[in-house]
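Since the structure is predicted, the reported quantities are computational estimates derived from the model, not experimental observations. Chain letters run A, B, ... following the sequence lines, proteins first, then strands; residues in each count from 1.
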Number of protein chains: 2
Amino acid sequence: MRFMTSLKFIDVVAREGSIRKAADKLAITSTALNRRILQIEDELGQQLFERLPGGVRLNTAGEIFVQHIRSQFADLARVQSQIADLSGIRRGHVQIASGADALRRLLPEAIAKYRAKHPAVSFDLARCYGDEAEARLFSLDADIALIFAPIRAAHVHVAATLRQQIHCVMPADHRLAGREQIKLRDLAGESLVLPTAQSGVRQLLDTGLLRRQVDMEVILESDSFEFMQNFLHFESSLFFQIPIAIGAGGGRENEFDPLLVARPMDPADVAAGTLHICHLKGRVLPVAAAKFLDDIITTLRDTYPDEVDQ
Amino acid sequence: MRFMTSLKFIDVVAREGSIRKAADKLAITSTALNRRILQIEDELGQQLFERLPGGVRLNTAGEIFVQHIRSQFADLARVQSQIADLSGIRRGHVQIASGADALRRLLPEAIAKYRAKHPAVSFDLARCYGDEAEARLFSLDADIALIFAPIRAAHVHVAATLRQQIHCVMPADHRLAGREQIKLRDLAGESLVLPTAQSGVRQLLDTGLLRRQVDMEVILESDSFEFMQNFLHFESSLFFQIPIAIGAGGGRENEFDPLLVARPMDPADVAAGTLHICHLKGRVLPVAAAKFLDDIITTLRDTYPDEVDQ
DNA sequence: CAGCGCGATGCAAAAATTGCACTGCTTGCC
DNA sequence: GGCAAGCAGTGCAATTTTTGCATCGCGCTG
């Protein structure tokens, strides 16, 4: 899209914080890039960047303008997607920001199912925590976000929510494996494997643990659920996940690992969390993204009829 | 704005319906213009125009794309206005579509008052009837519309409304001048000067007249209130206006013409109409337009405290 | 059938963008 | 304190892109 190049260049310079670095990335000389930027600033009658000794940085006008540029790109993508849809073949590119939870089973399944119907649609998955996911929606680097944590920013529109009780995962032969439900005090003396402090699961656990003084040992902290799960094969310990990550709940047996079992935590001890399925408020999503969003909400509503809202 | 030229060109071609005519208007050769369009269609991978023997016409993809282009322009204007506002001086251009009613006193006064505060803001006033005003909002040729008629399109957001009772205007020495209120049957035998059928005033009058069979003579139809008003100086007859057009109502004496008086129609005979102050739904207006909209609503609320809603 | 107006295209002229070499500036490191 | 490195900006020539002219082919109209 030739007419967007100058705008794209500004976006890249803003991200890189330096004209030369951006020029490298864009495979042109810094001087050409520099002049394009000067030209646009001139046409606009406004500086967009502060010139610092180590590079450039957006000023207030620049922030506003770059936000505009990004929305231009997002809107162009929407228009292209809409136009392509006219010819019957759905094309497009869907960018998703998601926590690790939803990346385990929910999204792989949902995307494969969607792509079976619309093979011309491609996907981009960014794994991140709540705050970053919200930032990505805002900077239009993500169309859709799946966040298992409270929503902080006002610019996020929550299209649907899914209540999820935290489950305790353990080897099938663990002493707690027979319980229907696990209470916090059951964890006394156990070895725990916990997700990092930024994760929504960890935050809910911490809230519960704060209230009751339970003595236990945290032997490992990781941001990789896969690693933690595999660790349980080698050392008997406990870790925590939510149903969508393990394919359990909603009447389905857990199918994630024959050697492990998952048991829900007592809701009185650890509150249920909420998975938020969001997009940027006021934004019209590209056809592909909008339909995928519909699909995923429908799927969740079918799988967990009682836990989905809105 | 150099990077928008190609898009602007497409917009003009779409409006003109012919590449050559558009080229004339844009002061370039048709061949240059033609090639720009071919290039963009090529980049987009989609035809935007149907080639007809007498010129070109947008196809469905083109309609979508042109709508996108117009929203780009409108959004760029908003961004520029917002950036200019940073420096303290409000700049910008406000486009208003309005019926003739509001163009008589309300808008001249309001705009002059606003420009006294913000001399760098310019205005564009298009006089039109309801349907066209709505179309202008949609094609982004107008930021704000003042419509004295029912709103038809779903894409219009009504920011405020003002109830207006139709007044009958007559020479000060007319036999009805002594009445507090005019009833339809009082018009029997009178000569009437009526606005055109498209006008909201006329539609309300017609609705009233349909119910009661009143025998009177329509001696003149015009879309110019000014003409009708001046006509009354030469031939004693009756014409009709709403308070905002004559500066009457809300406790103010009518000040529009010392030789004429305005008397309200009986609401039982002719229903009160509604002036709608609108903008396009979901659109973020440029700073200048948004503030002007605020101003005008505040002014109306001060002048007619009981008739303004929302 | 001739004439007109339309969009498309080959080719040369004009205009723009780009890359190279270099400037002036600041920072950080020896 | 001086020197190297990294940064944005600039003059000039090379290159690429855009434009204008002449012209074609097509479909409609009188």
Could you check which of D:dA8, C:dC20, C:dT9 has an atom nearest any side-chain atom of A:Thr29? C:dC20
Taking the side chain of A:Gln39 as heavy atoms from C-beta outward, which of D:dT10, C:dT17, D:dG20 is closest to it? C:dT17
Nearest to the side chain of B:Arg35, heavy atoms from C-beta on, is which of C:dG19, D:dC21, D:dT18? D:dC21
Considering every strand and a 4.0 Å limit on heavy-atom distances, what is the contact class for B:Ile28: base, sugar-phosphate, or nothing? sugar-phosphate
Quick check for you: among C:dA8, D:dT17, D:dT19, whose closest atom lies nearest to any side-chain atom of A:Arg2? D:dT17
Counting only side-chain nitrogens and oxygens, does B:Asn34 get under 4.0 Å of the OP1 or OP2 atom of C:dG7? no
State which of C:dG19, C:dT9, D:dG9 makes the closest approach to the side chain of A:Thr31. C:dG19
Taken to the nearest whole Å, CD1/A:Ile40 to P/C:dT17 is 10 Å
Please tell me which of B:Ala27 and A:Arg51 maps to the more 5' nucleotide of DNA chain D, matching each residue to the nucleotide holding its nearest heavy atom. A:Arg51
Picking from D:dA8, D:dT18, C:dC6, the nucleotide nearest the side-chain atoms of A:Val56 would be D:dA8
A:Ile37 has an atom CD1; how far is it from atom P of D:dG9, in whole Å? 8 Å
Got a second to check how far B:Leu26's CG is from B:Thr5's OG1, nearest 0.5 Å? 10.0 Å
The side chain of A:Ser18 is closest to which nucleotide in this list: D:dC7, C:dT18, D:dT10? D:dC7
Heavy-atom donor-acceptor pair, A:His279 side chain to A:Leu137 backbone, under 3.5 Å: no
Donor-acceptor pair under 3.5 Å: do we get one between A:Arg20's side chain and the base of D:dA8? yes
Do B:Asp11 and B:Phe65 come close enough that some side-chain heavy atom pair is under 4.5 Å? no
Check the surroundings of atom CZ in B:Arg91: do more than 12 heavy atoms from other residues, nucleotides or ligands lie under 6.0 Å from it? no
Measure from NZ or CZ of A:Lys8 to the centre of the six-membered ring of A:Phe73, then state whether that distance is under 6.0 Å and the direction lies within 45° of the axis. yes
Measure from the side chain of B:Pro53, starting at C-beta and using heavy atoms only, and say which of D:dC28, D:dG9, D:dG20 lies closest. D:dC28
Does A:Ser30 get its side chain close enough to the base of D:dC7, under 3.5 Å, for a donor-acceptor pair? no
